[in-house]
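To start, the structure itself, in structure tokens.
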Amino acid sequence: MHAFEYHRPSNVRQAAALLQKNEDAKIVAGGHTLLPTMKQRLAAPSALVDLGALSELRGIEKKGRAVVIGAMATHSDVATSDVVAEAIPGLAKLAELIGDPAVRHRGTIGGSIANNDPAADYPAACLGLGATIITNKRKIPAEEFFTGMFDTALEEGEIITKVSFPIPAKAAYAKFRNPASRYALAGVFVSKRGSDIRVAVTGAGSDGVFRWGEAEEALAKRFAPKSLDGMSPPAKGMNTDIHADAEYRAHLVGVMARRAVAAATGR
Amino acid sequence: MASVTMTVNGKSVTADVDPRTLLAQFVREHLRLTGTHVGCDTSQCGACVVHVDGKAVKACTMLAVQADGCEVLTIEGLADGAELHPMQAAFREHHGLQCGYCTPGMIMTAVDMVNRLGSDLDEATIRHELEGNICRCTGYHNIVRAVETGAKAMTGASARQAAE
Ligand SMILES: Cc1cc2nc3c(=O)[nH]c(=O)nc-3n(C[C@H](O)[C@H](O)[C@H](O)COP(=O)(O)OP(=O)(O)OC[C@H]3O[C@@H](n4cnc5c(N)ncnc54)[C@H](O)[C@@H]3O)c2cc1C
Ligand code: FES
Ligand code: FES
């Protein structure tokens, strides 16, 4: 790891000022992506601005028809939250499937979303529920936020403060885990809120998380696993690596989508 | 350099550290508590698991400065003098270790598991919860037995303590 200065601001404004002052500074949240990257010297920030002391970013609450989760809520906070379990059980389940218990104690929703790893789970929930990502500057709909693998609409020094998830009528996540890394080889989040039907896919696409339109249309006719019988997205556009080739991933997406709908409808 | 103060195994410690210092490095090299092991240094193996504010974390993937103001518990803090913690005793009884490299992390993870989920743990739960801990010797079977027994003994022990 290269040397860096360390800052631990006590509110969002201070954090923003520190990021503005130090050009090559980076935010550290749970550090479970950033620290490994720094150890490999793939990142060498001049300073780290640690959001760990910002308890204001840790809350989880129901606000009207949405669940609003602070950026510093850990995966374990979300997995064990009564508010989330009652309003969007599929989201609690997704958090429970991330990594292992120790990873879930440190990793945060804000860090996961800002990183936009093409195999990460939260991007599927954001797109699959039509979430709004709230920063210290603006509100960004999930559709506009994820702009390609490891790429987001965030500007230099912009801080995610909260994520707002509209409460769906039905929703669930199904994930085929890479048995070694536990990231998604294919993960599908489905939801139904009135006539808004969403199928978001992570882990499989070669350009990160995406919505599978054909499946959404099929589910609009009837929201049941049967509506997706025999369907899978085209293998073109799927990722190929040592763990799985594009055809296999495309097949998995179909299977995971049916499982997610089955879980969402209690079938 | 950055100043850091934390409570480790009940004792307050303050030190000046390079901000790069990992929590695992801090407890091993600065405090000479070498029970916490570093197996992979890439957050995969769990040999480095300690508790920070009562939660199991991988100390190779946390900076010492991030633990400023926290309560840290390492494997050295579990035993009560010469008397092993019930989870440690269960690992000994069930041969839950061979070379012992993974053991401190396994035990810290197991204690965290009981703290969160209670003492009535079935085999599937234990195996699932141990996903972040790798053992290259035992084949896990005896570790799972040890955790099962240790979990039960832990409630026994706290019930006894409460009665005393
Ligand atoms: C062993 C292991 C297994 C894992 N398995 C999974 C898995 O199965 N599924 C999965 O989805 N993930 C997995 N992860 C990743 C884990 O969820 C990370 O915690 C997460 O991706 C990053 O969150 P973090 O809080 O650790 O962020 P950090 O590492 O602290 O930061 C990541 C990036 O986001 C930026 N950032 C952080 N917070 C903010 C913010 N509030 N605003 C703006 N930018 C910010 C940082 O500057 C950095 O660039 C795994 C990680 C490990 C080590
Ligand atoms: S040394 Fe920390 S997880 Fe392996
Ligand atoms: S006992 Fe040797 S690694 Fe587990």
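Remember, predicted model here, so these are calculated numbers, not experimental data.
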Item checked: A:L34 portion near chain B, given a 4.5 angstrom heavy-atom threshold -> neither
Notebook entry, point to check: Rounded to the nearest 0.5 Å, how far does NZ of B:K55 lie from CZ of A:R104?
Noted result: 12.5 Å
Next item on the list: Please check if atom NZ in A:K137 has more than 12 non-hydrogen atoms from other residues, nucleotides or ligands closer than 6.0 Å.
Entry: yes
Checklist line | Heavy-atom proximity to chain A below 4.5 Å, by part of B:M1 | finding: neither
Next item on the list: Taking all non-hydrogen atoms of both residues into account, name the closest pair between B:P19 and A:Y6 and its distance.
Entry: CB-CB, 3.8 Å
Check: Which heavy-atom pair separates B:H128 from A:R177 by the least distance, and what is that distance?
Finding: CE1-NH1, 4.1 Å
Checklist line | Shortest non-hydrogen separation from A:M1 to B:R20 and the atoms involved | finding: O-NH1, 2.9 Å
Checklist line | Atom NZ of A:K162: over 12 foreign heavy atoms under 6.0 Å | finding: no
Note to self: Please check if the number of heavy atoms outside A:R13 that lie under 6.0 Å from its CZ is greater than 12.
What the structure shows: no
Next item on the list: Side-chain contact test, heavy atoms from C-beta onward, threshold under 4.5 Å: evaluate it for A:V28 versus B:Q66 and give yes or no.
Entry: yes
Next item on the list: Would you give the length of the straight line joining atom OG of A:S76 to atom CZ of B:R116, rounded to the nearest 0.5 angstrom?
Entry: 7.0 Å
Next item on the list: Taking atom CD of A:E23 as the centre, report whether more than 12 heavy atoms of other residues, nucleotides or ligands fall under 6.0 Å from it.
Entry: no
Margin query: Please give me the minimum heavy-atom distance between B:K58 and A:A102, naming the atom from each residue.
Written below: CG-CB, 3.8 Å
Checklist line | Selection from B:T42, B:V52, B:D112, B:T109 maximising heavy-atom pairs under 4.5 Å formed with chain A | finding: B:D112
Note to self: Taking NE2 in B:H95 as the centre, count heavy atoms belonging to other residues, nucleotides or ligands within less than 6.0 Å. Is the count above 12?
What the structure shows: no
Checklist line | Flag if over 12 foreign heavy atoms under 6.0 Å of CZ, B:R145 | finding: yes
Check: Which answer fits B:L22, side chain, backbone, both or neither, if we ask what part of it has an atom under 4.5 Å from a heavy atom of chain A?
Finding: side chain
Note to self: Looking at B:T61, is its backbone amide N or carbonyl O close enough to the side chain of A:R106 to form a donor-acceptor pair, meaning the two atoms are under 3.5 Å apart?
What the structure shows: no
Notebook entry, point to check: Around atom CG of B:D122, are there more than 12 heavy atoms of other residues, nucleotides or ligands at under 6.0 Å?
Noted result: yes
Checklist line | Nearest non-hydrogen partners of B:V65 and A:R8, listed with the distance | finding: O-NH1, 3.9 Å
Notebook entry, point to check: Would a 4.5 Å heavy-atom cut-off, applied to side chains only, mark A:D50 and B:L63 as touching?
Noted result: no
Note to self: Need one label for B:A56: side chain, backbone, both or neither, based on atoms under 4.5 Å from any heavy atom in chain A.
What the structure shows: both
Item checked: Region of B:D41 in contact with chain A, defined by heavy-atom distances below 4.5 Å -> both
